[in-house]
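Computed from heavy atoms alone, side chains included, the values below leave out hydrogens, waters and symmetry copies. In what follows, every chain begins at residue 1, and chains take the letters A, B, ... in the order their sequences are listed.
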Number of protein chains: 2
Amino acid sequence: MPQQDQPPEAVLREALEANGQRFTEQRAAVYRFLSSTDKHPTADEVFLAVRSQVPVISLATVYKSLETLVGCGLAMKLTYGDGSARYDGRTDPHHHARCLQCSRIFDVAGRLPSEEISELKEGTEGFHVTGYRLELTGYCTHCQPVEPASA
Amino acid sequence: MPQQDQPPEAVLREALEANGQRFTEQRAAVYRFLSSTDKHPTADEVFLAVRSQVPVISLATVYKSLETLVGCGLAMKLTYGDGSARYDGRTDPHHHARCLQCSRIFDVAGRLPSEEISELKEGTEGFHVTGYRLELTGYCTHCQPVEPASA
DNA sequence: CACAAAGGAAGAATGATTCTGAATAAAGGT
DNA sequence: ACCTTTATTCAGAATCATTCTTCCTTTGTG
């Protein structure tokens with residue numbers, strides 16, 4: 001099992017080497033930022049944040065670094081209907097809540113019992129389930145529901 | 001509760017009028033196709049399919065018709081990381097399984113007990129949950145898992 | 001049947017993401 | 001330490017899905 005108490009750089013270096021990828025300053029910067037926030041930034045937001053710490057980095061490199069991190073299991077890519085993908089530095093299984101008004105993503109504390117998923121697998125006849133994703137939708141504390149008041 | 005045993009056109013007309021939208025031949029064609037398939041086509045696939053039945057229709061109209069159907073509660077929009085959004089004519093609550101290899105979407109038979117969701121709501125402190133989405137991921141019968149064989 | 005307003009066609013415009021080609025910098029060997 | 005090999009980076013062009021714009025057509029109403 002990988003070590004969580006090592007310095008972030010060491011964790012990254014190890015994960016990259018395990019996947020035959022090189023350690024670079026740009027990837028380190030992206031990883032540092034992503035693992036330091038509990039927000040779920042878009043690639044562009046990562047780009048803006050990282051650029052203030054690394055002299056020069058291109059948006060394309062941020063995209064590729066993020067994909068590399070996802071490939072190494074150090075990040076997750078979250079996609080929703082509204083434009084950009086978002087990235088999550090948390091790699092332990094957890095769920096998200098998405099605000100229908102402001103599109104922000106929040107982490108949810110609880111977890112779904114694994115038996116429930118096992119039961120659902122039975123309804124897939126032939127499909128080989130390897131994982132799942134659960135997302136709650138609604139309105140965050142800053143956004144009041146603006147649903148039509150009609151019945 | 002709306003009627004499922006009426007002709008599709010009547011269902012559509014009623015839903016449109018309830019939302020202050022007009023009934024048009026293009027929307028009918030899109031609705032007819034979407035409710036006749038258990039696939040989960042992209043907007044472009046709907047466009048190609050509908051064009052063989054309606055003399056002339058533009059891609060933009062298909063996009064707008066699909067959004068209109070979603071707004072009337074007659075369809076659902078599904079978004080995943082791989083490019084295009086997909087549309088689902090089934091409006092009853094159900095889950096999906098997505099093949100990581102071929103990106104196809106399949107309906108899952110079972111349903112998650114609502115108590116589980118209620119419990120998760122407690123972990124959102126302040127977030128007002130109005131719905132949720134559950135997606136299984138894995139490999140369909142046509143696609144063999146191609147995961148690395150290493151430990 | 002005539003009218004006003006919504007809807008549609010066609011293609012341009014937009015925004016996110018990926019690709020291209022030349023230059024740079026890790027890792028490993030001498 | 002230096003050199004070689006080759007992945008990675010940069011910068012901007014290219015691509016793909018989706019939306020917008022302008023003008024024309026159709027719908028629903030009196």
Engineer: For A:Tyr63 and C:dT18, is the shortest distance between a side-chain N/O and OP1 or OP2 below 4.0 Å?
Structural biologist: no
Engineer: Within a reach of under 6.0 Å around CZ of B:Arg111, are more than 12 heavy atoms found that belong to other residues, nucleotides or ligands?
Structural biologist: no
Engineer: Between C:dG7, D:dT9, C:dA27, spot the one nearest the side chain of B:Arg27, thanks.
Structural biologist: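 Between C:dG7, D:dT9, C:dA27, the one nearest the side chain of B:Arg27 would be C:dG7.
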Engineer: So what does A:Ala85 touch, heavy atoms closer than 4.0 Å: a base, only the sugar-phosphate, or nothing?
Structural biologist: sugar-phosphate
Engineer: Drop me the distance from A:Arg32's CZ to A:Glu25's CD, to the nearest 0.5 angstrom.
Structural biologist: 5.5 Å
Engineer: Is A:Gln26 near enough to D:dC10 that one of its side-chain N or O atoms lies under 4.0 angstrom from OP1 or OP2?
Structural biologist: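 For D:dC10, OP1 or OP2 has a side-chain N or O of A:Gln26 closer than 4.0 Å.
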Engineer: B:Ser58 has a side chain; which of D:dT18, C:dA9, D:dC10 sits nearest to it?
Structural biologist: C:dA9
Engineer: Which nucleotide in the set C:dG8, C:dA10, D:dA17 lies at the smallest distance from any side-chain heavy atom of B:Ala60?
Structural biologist: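 From the listed options, C:dA10 comes nearest.
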Engineer: Judged by atom type as modelled, is there a donor-acceptor pair below 3.5 Å linking the side chain of B:Ser118 to the main-chain atoms of B:Ser114?
Structural biologist: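 Yes: the side chain of B:Ser118 pairs with the backbone of B:Ser114.
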Engineer: Which nucleotide in the list D:dC10, C:dG8, D:dA17 gets nearest to the side chain of B:Thr61?
Structural biologist: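 Output: C:dG8.
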Engineer: Minimum heavy-atom separation for A:Val54 to A:Ala29, with atom names?
Structural biologist: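 Scanning both residues, the minimum pair turns out to be CG2-CB, 3.3 Å.
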Engineer: Tell me which nucleotide among D:dT8, C:dA27, C:dG8 gets nearest to the side chain of A:Thr24.
Structural biologist: D:dT8
Engineer: Give one of base, sugar-phosphate or nothing for A:Glu25, where a contact means two heavy atoms less than 4.0 Å apart.
Structural biologist: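 No contact.
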Engineer: Would you indicate, yes or no, if C:dA5 has its OP1 or OP2 atom less than 4.0 angstrom from a side-chain nitrogen or oxygen of B:Arg22?
Structural biologist: no
Engineer: Please check the phosphate of D:dT8 (OP1 and OP2 only) for any side-chain N or O of A:Gln21 closer than 4.0 Å.
Structural biologist: yes
